[in-house]
Novice: 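Okay, handing you the structure first.
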Number of protein chains: 2
Amino acid sequence: MMTTEDELGGSEPLTKQDFEALARFRFGIRRYLRFSEETVRRHGLTPQHYQLLLTLKGFPGREWATMRELADRLQLRHHSVVELVNRAQKQELVHRAPHPSDARAVQVQLTANGQLILERLSALHRDELRRMGAALTLPTWDALPDNGDMTAP
Amino acid sequence: MMTTEDELGGSEPLTKQDFEALARFRFGIRRYLRFSEETVRRHGLTPQHYQLLLTLKGFPGREWATMRELADRLQLRHHSVVELVNRAQKQELVHRAPHPSDARAVQVQLTANGQLILERLSALHRDELRRMGAALTLPTWDALPDNGDMTAP
DNA sequence: CGCATTAATATCGTATCACGATACACTTCT
DNA sequence: AGAAGTGTATCGTGATACGATATTAATGCG
């Protein structure tokens, strides 16, 4: 009865450490996104553009996606994705190709230029992620049992 | 020209898996932030407000912060923090208190109401983080494999 | 085949919000 | 007293996602 392992669903009041962990993680995300923004802007891209390119190149199994798929992975309205793709296309980062099996859909693909820039930027991001490591790992309460100890690290 | 790419750290060209890992991680962040936004808005807060409250409650060692400290942890101009705090104060989420040792500074503190809302929201966030687990763990390249192999796909 | 559904496109206006620029008041420190 | 730091105040700007709405075209189901 001690180990309330069934606390999935959220019930236990959070401890000071919980709040600190939550805040620290969020801070990590902020800093990472901040780094990302500054980096990509230095290369002439907006954060949205970079994430678009990355989503294409990093799509499981292939290297292109439809508008709808992009809307899902970018967490945007498919409608906003069109605008984003238009902007990216103007900069020759991506281009549209007809979808082989569904003529309604389009394949959004990387241009050679987009590919090149993405590779550079992604390497920098990979390095930064390595560097940030601890700051971005989520709190260790994944399977955290009850803990009466309050020694701070 | 300007980008003769041999920036430090980055060296190995990224593999398809690297891109997928990078994209997956970013997707995880997006989804988490999306969840966060919808959740806090359902409770009448903006994402910025929630992060402000969380930063206060989760500040290492105490439960308040100065404008300048907030600017650091929120990655904002101290100037923008004032606006944010003003908005939050109008909703009685935070309040200002004189700083004990430095009369120039202020202590931004949680109100009882802000405290209450934050606790609810944070519990939900903790649960979601548990749930997302894998989707938010960063790629396993933490320890760089000493591998000079460059078998091209 | 006909019709509902889905995908993409197109426009227009709206809202949010961080930011730059600037100025001012007050405090602390040297 | 003067310099530097902290907070406050205001105005305008830029970026961009979104809602609402409409259109076109293709798919697929009954």
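Atoms considered below: every heavy atom in the structure, side chains included; atoms not considered: hydrogens, waters and symmetry mates. Within every chain, numbering begins at 1; the chains are lettered A, B, ... in the order of the sequence lines, protein sequences first and strands thereafter.
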Novice: Can you pull out the residues from residues 49-80 of chain A that lie within a 4.0 Å heavy-atom distance of DNA chain D?
Specialist: A:Leu76, A:Arg77, A:His79, A:Ser80
Novice: What closest approach, in Å, do A:Leu53 and A:Leu118 show between heavy atoms, and which atom pair accounts for it?
Specialist: O-CD2, 3.6 Å
Novice: Using a cut-off of less than 4.0 Å, is there contact between a side-chain N or O of B:Gln48 and OP1 or OP2 of C:dA18?
Specialist: yes
Novice: Judged by each residue's nearest nucleotide on DNA chain C, which is more toward the 5′ side, A:Asn86 or B:Glu83?
Specialist: A:Asn86
Novice: Under a 4.0 Å heavy-atom cut-off, which of residues 88-97 of chain A touch DNA chain D?
Specialist: none
Novice: Within the 4.0 Å heavy-atom criterion, would you say A:Val106 contacts the bases, only the backbone, or no part of the nucleic acid?
Specialist: sugar-phosphate
Novice: Is the shortest distance from a Lys or Arg side-chain nitrogen in B:Arg41 or B:Glu37 to a carboxylate oxygen in the other one below 4.0 Å?
Specialist: yes
Novice: Decide, yes or no, whether a salt bridge links B:Glu38 with B:Arg34 under the criterion of side-chain N to carboxylate O below 4.0 Å.
Specialist: yes
Novice: Which nucleotide, D:dG5, D:dA17, D:dT8, lies nearest any side-chain atom of A:Arg87?
Specialist: D:dA17
Novice: Please report the C-alpha distance between B:Glu69 and B:Arg73 in whole Å, then the side-chain angles of each, then the deciding distance to 0.1 Å, and finally whether the salt bridge (Lys or Arg N to Asp or Glu O under 4.0 Å) criterion is met.
Specialist: CA-CA 6 Å; B:Glu69 289 165 338; B:Arg73 297 191 82 88; over 6 Å; no
Novice: Whole Å only: how far is the CZ atom of A:Arg104 from the P atom of D:dA26?
Specialist: 10 Å
Novice: Do the ring centers of A:Tyr50 and A:His43 come within less than 6.0 Å of each other?
Specialist: no
Novice: Assess whether a salt bridge exists between A:Glu128 and A:Arg131, defined as any Lys/Arg side-chain N lying under 4.0 Å from an Asp/Glu carboxylate O.
Specialist: yes
Novice: For A:Glu63, look at atom CD and say whether over 12 heavy atoms of other residues, nucleotides or ligands are found less than 6.0 Å away.
Specialist: yes
Novice: From CG of A:Leu84 over to P of D:dC18, roughly how many Å is that when rounded to an integer?
Specialist: 11 Å
Novice: For B:Arg41 and D:dA17, what is the distance between atoms CZ and C1' respectively, to the nearest whole Å?
Specialist: 11 Å
Novice: Applying a 4.0 Å non-hydrogen cut-off, can you work out what A:Arg34 is touching in the nucleic acid: base, sugar-phosphate, or nothing?
Specialist: sugar-phosphate
Novice: Any salt bridge between B:Arg87 and B:Glu83, counting N to O under 4.0 Å?
Specialist: no
Novice: Looking only at non-hydrogen atoms, find the nearest pair between B:Phe27 and A:Gln75 and report the distance.
Specialist: CE1-NE2, 3.9 Å
Novice: If you pin A:Asp102 and A:Pro47 to their nearest nucleotides in DNA chain D, which one's is more 5'?
Specialist: A:Pro47
